[in-house]
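Quantities reported herein were computed from a predicted structural model and do not represent experimental measurements.
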Amino acid sequence: MDSYNNTYGASSSSASTSHAPVPANAYEYDVGLLSQQSVYVPGAAIDKRGGAGGRLAKGGKRTTVLRKGGGKTWEDQTLLDWNPSWFRLFVGDLSNDVSDDVLSNAFKKYTSFTKARVIRDRLSQKAKYGFVAFSDPEDFLKAWKEMDGKYVGNRPVKLKRADETVRPVEIGHRKAKNLEKDLKKNRHRPY
């Protein structure tokens with residue numbers, strides 16, 4: 001019994017009490033438990049759809065980016081990661097083996113390269129297209145000219161200037177509630 005208590009960090013005097021032995025690495029379990037619990041707090045994480053993952057309290061506001069297309073309006077908070085002053089390239093015709101890292105490695109030779117992101121299909125998880133951002137317009141134009149038609153992964157990519165009309169807005173309780181209602185209505189439609 002003493003070797004059991006010594007292994008798990010309990011002293012021999014605590015063996016006589018009615019408490020269960022405490023493992024020596026109990027702190028690791030507590031930290032893991034706290035990180036798991038934070039996922040379930042409304043608004044603690046951005047969900048797969050790009051929403052805030054929780055309801056907005058009355059009178060509250062949140063910053064988001066509203067997108068429109070195909071007769072639908074939705075919020076996309078992933079666009080908040082992109083600085084509006086960056087110069088962005090749309091990277092089309094990506095092969096499925098291209099990841100964020102592969103795309104970054106292809107463009108990191110330009111000094112003002114800031115970020116790369118591959119967008120995948122929701123159902124098949126195949127790469128559809130990507131975006132690359134630069135802080136300097138000279139590098140942006142140089143990369144566009146040099147990399148258009150070059151192989152990234154298994155295919156040559158097609159580069160175009162990305163749409164610059166992405167603007168963050170603040171939405172209130174009523175707009176957030178309407179967006180959630182529209183999302184629930186179209187939940188089972190993949191596109």
query = Rounded to the nearest 0.5 Å, how far apart are OG1 of Thr111 and CG of Asp139?
reply = 4.0 Å
query = Is Phe134 linked to Phe90 within one hydrophobic cluster, defined over Ile, Leu, Val, Met, Phe, Trp and Tyr using a side-chain heavy-atom separation of less than 4.5 Å?
reply = no
query = Which atom names give the shortest non-hydrogen contact between Val98 and Arg120, and what distance separates them?
reply = O-NH2, 2.7 Å
inquiry  = Check this for me: does any side-chain nitrogen of one of Asp93 and Arg155 sit under 4.0 Å from a carboxylate oxygen of the other?
reply    = yes
Polar side-chain atom of Asp148 near backbone of Leu159 as donor-acceptor pair, under 3.5 Å = yes
key: Residue pair Arg88 / Phe140: nearest heavy atoms and the distance that separates them   = O-CE1, 3.3 Å
Leu94 to Leu103 - nearest heavy-atom pair and separation = CD2-CD1, 4.4 Å
request  = State, to 0.1 Å, how close Ala133 and Trp86 come at their nearest heavy-atom pair, and which atoms those are.
outcome  = CB-CE3, 3.6 Å
task = Treating Ile, Leu, Val, Met, Phe, Trp and Tyr as nodes and any side-chain heavy-atom pair under 4.5 angstrom as an edge, say whether Trp144 and Val91 lie in one connected cluster.
result = yes
inquiry  = For a side-chain hydrogen bond (donor to acceptor under 3.5 Å, both in side chains) check, start with the C-alpha distance between Asp121 and Ser124, then their side-chain angles and the critical distance, and finish with the verdict.
reply    = CA-CA 6 Å; Asp121 184 83; Ser124 66; 3.2 Å; yes
query = Do Ser85 and Asn83 meet the criterion of a side-chain donor-acceptor pair at a distance under 3.5 Å?
reply = yes
task = Might you point out which heavy atoms bring Phe113 and Lys108 nearest each other, and give the distance in Å?
result = CD2-CA, 3.9 Å
inquiry  = A cation-pi test, strictly: NZ or CZ of Lys115 under 6.0 Å from the centre of the six-membered ring of Trp82 and no more than 45 degrees from its axis. Yes or no?
reply    = yes
inquiry  = If you compare all heavy atoms of Gln125 against all heavy atoms of Arg122, which two are closest, and at what distance to 0.1 Å?
reply    = NE2-O, 3.3 Å
task = Answer with yes or no whether the hydrophobic clustering places Tyr151 together with Val102; edges join I, L, V, M, F, W, Y residues whose side-chain heavy atoms lie under 4.5 Å apart.
result = no
Co-membership, hydrophobic cluster, residues Tyr129 and Met147, 4.5 Å side-chain = no
ask   = Is it the case that one hydrophobic cluster holds both Phe131 and Phe107, taking links as side-chain heavy atoms less than 4.5 Å apart, direct or via other members?
value = no
